[in-house]
Amino acid sequence: MNDKAKKEVVEKKSTNLTLDVNDMMKDSGSGLENVTSEDLAIPFLRVIQAMSPQINSRDGKYIDGCEQGDIFNTVDNTLYKGDDGITVVPVAYKRTYLEWLPERKGLAAVHDNSSILSQVVKNVAGADYLENGNQLSTTANHYVLVLDDKGGFSNAIVALSGSQLKKSKKWNSIMSALKIRTSDNKVFTPPTFSHKYKLKTVMEQNDQGSWFGWDVSLDAPLGDDDGFIYSAAKQFSQNINSGSVKASEEEPF
């Protein structure tokens, strides 16, 4: 190789750039300048049941390797084993009333006010129906950060309805009962995003059959190194409560 060729090789190698996280931090958010809440889909965390399409290998929604009782992310299909569960940080809570068309034909309306309940009649199974024939589903939406085993997190919604509403009440009761005492002996209720919770699934049954439901338990407070998680959860909470971030309602499965 002559001197000219060697020089060209050296110059080519010198143009290679090493990707550094500090450089990426300087460009944080670039490329998303024109993205609004209408362009984002906050995933739901759903429990796979016996009739869920995710368990049918011939269905377009099939998730390879899933089983009844597993948990999945409705946007990217990330699968979590129900026995292992997931660790979440709750950031906000909202109750909605979803009006569904008959025969699973889709969502007719979302009601934010509980006054709609005055218009329902219960059928023999205890389900709420409106005069127009649509079913009304009271839904407790828990907005959370899902923590992963690499120190990261993602946004999600745990929507509890029907038999799972009692789990929502339990979860809210646990969060409301938490108290912290300061060094000067003052006691206060900490923000919900100060603690982590474990969500697993358990089999439940009644006279109408069996299914997998949620099991919610307090895990631990955020640690000294979890400041970035606390900050992200606080911002997510503010976005939800201000209305700048909304759930995109969908079929339960």
[X] side-chain N/O to [Y] backbone N/O, donor-acceptor pair under 3.5 Å:
X: Q135; Y: P102; answer: no
X: K167; Y: W214; answer: yes
X: S176; Y: S173; answer: no

Report yes if the side chains of L218 and L178 come closer than 4.5 Å at any heavy-atom pair, otherwise no.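 Answer yes - side chains close enough.
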Side chains of Y197 and I174: does their closest heavy-atom pair fall under 4.5 Å?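 Yes; the side chains approach each other to less than 4.5 Å.
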Is it true that atom [atom1] of [X] has more than 12 heavy atoms of other residues, nucleotides or ligands lying nearer than 6.0 Å?
X: D225; atom1: CG; value: no
X: D184; atom1: CG; value: yes
X: K186; atom1: NZ; value: no

Please give me the minimum heavy-atom distance between [X] and [Y], naming the atom from each residue.
X: A159; Y: R46; answer: CB-NH1, 3.7 Å
X: N73; Y: L45; answer: CA-CD2, 4.3 Å
X: S168; Y: Y93; answer: OG-CE1, 3.6 Å

Could you measure the distance from the [atom1] atom of [X] to the [atom2] atom of [Y]? Nearest 0.5 Å is fine.
X: Q54; Y: I63; atom1: CD; atom2: CD1; answer: 5.0 Å
X: M51; Y: I48; atom1: CE; atom2: CD1; answer: 14.0 Å
X: F153; Y: D148; atom1: CZ; atom2: CG; answer: 9.5 Å
X: N141; Y: K94; atom1: CG; atom2: NZ; answer: 9.5 Å
X: F44; Y: T74; atom1: CZ; atom2: OG1; answer: 6.5 Å
X: T96; Y: I116; atom1: OG1; atom2: CD1; answer: 12.5 Å

Describe, in one word, how the ring planes of F236 and Y143 are oriented to each other, choosing from parallel (under 30°), tilted (30 to 60°) and perpendicular (over 60°).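 Plane angle over 60°, so perpendicular.
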Over 60° means perpendicular and under 30° means parallel, so classify the ring planes of Y230 and F193, tilted if in between.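 Geometry flag for Y230 against F193: perpendicular rings.
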List the steps, then state whether side chain to side chain contact (heavy atoms under 4.5 Å, CB included) holds for V146 with V144. CA-CA 6 Å; V146 184; V144 301; 4.1 Å; yes
Using a strict threshold of under 4.0 Å (side-chain N to carboxylate O), is an ion pair present between D128 and K122?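 Yes, charged N to carboxylate O under 4.0 Å.
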Can you find a side-chain donor-acceptor pair between E99 and N132 that sits under 3.5 Å?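 A pair is found: one side chain offers a donor N or O, the other an acceptor, under 3.5 Å apart.
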Exactly one of N134, N123, V121 should register a side chain to side chain contact (heavy atoms under 4.5 Å, CB included) with Y129. Which one does?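 When side chain to side chain contact (heavy atoms under 4.5 Å, CB included) is applied between Y129 and each of N134, N123, V121, only N123 qualifies.
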Would you kindly confirm whether L130 and L117 end up in one hydrophobic cluster when ILVMFWY residues are joined by side chain heavy atoms under 4.5 Å apart?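 Cluster IDs for L130 and L117 match.
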Is there a continuous path of hydrophobic side-chain contacts, each under 4.5 Å between heavy atoms, that joins I55 to W211?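 I55 does not cluster with W211.
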